[in-house]
Amino acid sequence: MMKRILILLFISVITLSSCKKFLEIAPTDSLAPANYYNTEADINAALTGVYDVLGKSATYGRNFYFEMDVADDAFIALSSWTQDIGLYNYNPSDTKLTDAWTTLYNGINRANMLLENIDKATMDATKKNAAKGEALFLRAYYYFILTSNWGNVPLRLNATKSPSDVNFANTPYKTIYAQIVSDMEKAADMVNPIANYTYGSRVTKSVVWGILARVNLKMAGAPLNDASRYAEVVKWAEKVKTAGHSLNPSYSQVFINMCQDKYDTKEVIWEVEFNKKNGTQEEEGSLGSINGIGANATIGYSYGAKHATERYYNSFEDGDLRRDWNISPYYYGTDNSRIGYGPTQIYNRYDAKWRREYETATPKFNGTTSINFPLLRYADVLLMLAEAENEINNVPTTKAFDAVNEVRRRAFGKTLVNFELVKSISVTAGGSGYTAAPTVTISGGGGTGAKATAVIASNRVSAVYITDMGTGYTSAPTVTFSGGAGTGATATAVLTNTQTANHDLTLANTATKDDFRAAVRKERSLELGYEGLRRFDLIRWGQFYSTMKSIANEISTTAPSAYTYAAKSGQNVSEKDTLFAIPAAELSLNKLIIPNKGW
């Protein structure tokens, strides 16, 4: 074993990664720096290895949006679990914790090795410069994830050279963040513009600018609390705007596109890509499989292991189309039909942002999916701009209002072109003789796609629940019932009011800095829920501990008895859980051993 580790000290392990759209490189078992990094193919293969980290189960293949982002919007719906990172009940030897740490340092070591050797390669100077910028940015990004989750961590800017190089001290926050910002700012001038690519998995200028906004937003919050960084947030966010980005008119389509392996780089600026090839899964993506709407193999198997909290469900305003996309309005019956949830069935509902029924790549595996994970969306950039602009000026400005309202207008359907959706169905007569729920048919009204399921009580239709709001309606469609052995039930459809209703934030309804701050923080939750950012946001706002204790009390006292276990995470949280424990004994590419300090 030690011999193998010593060999690894002098090699870069290169594998096919989630970036195969732009790097078609055959895997190589081991690459010695002395006789490698000489050609463009060598550099591309090495760069693939740096990107590879993003698609691992330990990072965005699963952990970063599942176990490591449990906050007030969702809970791990596995009642038998009593110990896990996501329950904030674990020890520093937890394998998920160690795997995440090790994987990130592997990526850093690969980046260091590439940066140290790239200049000797014979290749086009422009391409070399771009590759160097991508490696520099990815190294900085991995450090950003490390310090956000673990605090003061070891800063290594050189590849491992010696087996004796195994113990080193943690580096203070300020030093790490200064290095992150420096590296990213250099990378911004080196990488290509996003317009050069038709896919979103490559590091581009828009990616670097957007992540620099996020880094500076974190620096402005806890634990550094450096308010001077808000100006940097605005600067970098505005640079993203100049690159011509825009929101997809349909919120749900953003995530359907990911399920269907379609790219919209105007909206989804950076994503981790998961691919299938020759009937096998190349990467370890679990998006829509570990979470998503619980389903069987026909639809695309999903454990449905993350459910929404009632607080999150109720935080959406009436008419906000994001609610019933982020949170499932239905589940699948034994015949794979959609069955709508009743109004009291909140804790039953899944984190539903990515739905395997839309996944087009085949075969559909049980444990993994080909659904891409979004690392940076334009909506996030707009909300970062709005937040920082408000903090700088101590009052909401026109620029801040414009940014947040661009997101809100899409959320309430204002960007849809002159049509409405079916919001609800009201039963006008229950009929009689129904021994089974009748089939609901929605027709006419100029639109398509609206679906609903009926519920019966005492042989009458008692309610109808929408499972798909459809699209394109210019007038209320007709609702009819068939089957179920009964007769006489009637109902009317109610359309959304997207085209005439105004949901903008204004000085009239959000007059002060504190008002706007609360509004934009809520907007981040509604827009970016389940995208691995909620815990990050609560921590930088200094609200994580209090929020988790509050949601735990709410769940334990108001949730149905079958779901009171959902309070576990909040009940277990302590103030130290704003950071994860540094692994007790971690092995990275260089046999990295870090003392467990400050936990």
From CA spacing to verdict: side chain to side chain contact (heavy atoms under 4.5 Å, CB included), Ile425, Ile466: CA-CA 7 Å; Ile425 293 176; Ile466 294 290; 3.8 Å; yes

Check this for me: does any side-chain nitrogen of one of [X] and [Y] sit under 4.0 Å from a carboxylate oxygen of the other?
X      : Y      : value
Glu238 : Lys241 : no
Lys364 : Glu357 : no
Lys306 : Glu67  : no
Arg323 : Glu317 : no
Arg408 : Asp320 : no

Does a side chain donor of either [X] or [Y] reach within less than 3.5 Å of an acceptor in the other side chain?
X      : Y      : value
Thr397 : Glu389 : yes
Asp264 : Asn257 : no
Ser250 : Ser252 : yes
Tyr197 : Asn192 : yes
Ser337 : Asp335 : yes

Is any side-chain heavy atom of [Y] closer than 4.5 Å to one of [X]?
X      : Y      : answer
Met384 : Arg214 : yes
Phe412 : Thr496 : no
Val455 : Val461 : no
Ile339 : Thr467 : no
Asn296 : Asn336 : yes
Ile256 : Trp325 : yes
Trp209 : Ile269 : no
Asp515 : Asn509 : no

All salt bridge (Lys or Arg N to Asp or Glu O under 4.0 Å) counterparts of [X], not counting sequence neighbours:
X      : value
Glu406 : none
Asp537 : Arg524, Arg540
Asp402 : none

Within the side chain of [X], is there an N or O that forms a donor-acceptor pair under 3.5 Å with the backbone of [Y]?
X      : Y      : answer
Ser286 : Ser289 : no
Tyr65  : Leu287 : yes
Ser569 : Gly86  : yes
Arg534 : Ser525 : no
Lys205 : Val191 : yes
Glu420 : Gly472 : no
Arg62  : Thr59  : no
Asp69  : Arg535 : yes
Asn459 : Tyr434 : yes
Asp468 : Gly470 : yes

Nearest 0.5 angstrom please: [X] [atom1] to [Y] [atom2], how far?
X      : Y      : atom1 : atom2 : answer
Asp73  : Asp351 : CG    : CG    : 8.5 Å
Thr369 : Arg355 : OG1   : CZ    : 15.0 Å
Thr439 : Lys451 : OG1   : NZ    : 12.5 Å
Ile76  : Ile290 : CD1   : CD1   : 8.5 Å
Ile299 : Tyr301 : CD1   : OH    : 12.0 Å

Could you tell me which non-hydrogen atom of [X] sits nearest to which non-hydrogen atom of [Y], and how far apart they are?
X      : Y      : answer
Asn390 : Pro396 : OD1-N, 3.2 Å
Arg202 : Tyr51  : CD-OH, 3.6 Å
Ala74  : Thr309 : N-CG2, 3.7 Å
Thr428 : Ala491 : OG1-N, 3.5 Å
Arg377 : Leu528 : NH2-CD2, 3.4 Å
Pro477 : Ser443 : CB-O, 3.2 Å

Between [X] and [Y], does the ring centre distance come in under 6.0 Å?
X      : Y      : value
Trp81  : Phe75  : no
Tyr350 : Tyr332 : no
Trp270 : Phe137 : yes
Phe274 : Phe373 : no

Intermediate values then yes/no, side chain to side chain contact (heavy atoms under 4.5 Å, CB included), Ile442 and Val440: CA-CA 7 Å; Ile442 303 171; Val440 181; 4.3 Å; yes

Residue pair Arg311, Ser550: steps toward the side chain to side chain contact (heavy atoms under 4.5 Å, CB included) verdict: CA-CA 10 Å; Arg311 175 184 293 186; Ser550 172; 2.7 Å; yes

Geometric cation-pi criterion, Arg410 with Tyr251: 6.0 Å, 45°: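 The answer is no; the distance or angle limit is not met.
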
Within 45° cone of Phe316 ring axis and under 6.0 Å: Arg322 NZ or CZ: no

Contacts of type ring pair (Phe, Tyr, Trp, His ring centres under 6.0 Å), residue Phe66, not counting sequence neighbours: none

CA sep, side-chain torsions, deciding dist, call: Ser315, Lys522, side chain to side chain contact (heavy atoms under 4.5 Å, CB included): CA-CA 8 Å; Ser315 67; Lys522 179 179 179 181; 4.3 Å; yes

side-chain contact (heavy atoms from CB on, under 4.5 Å) against Asn348, all qualifying residues, sequence neighbours excluded: Tyr341, Gln345, Tyr563

Contacts of Asp84 that satisfy side chain to side chain donor-acceptor pair (under 3.5 Å) - sequence neighbours left out: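 Here the qualifying residues are Lys96.
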
Intermediate values then yes/no, side chain to side chain donor-acceptor pair (under 3.5 Å), Asn326 and Tyr312: CA-CA 10 Å; Asn326 292 357; Tyr312 187 51; 3.2 Å; yes

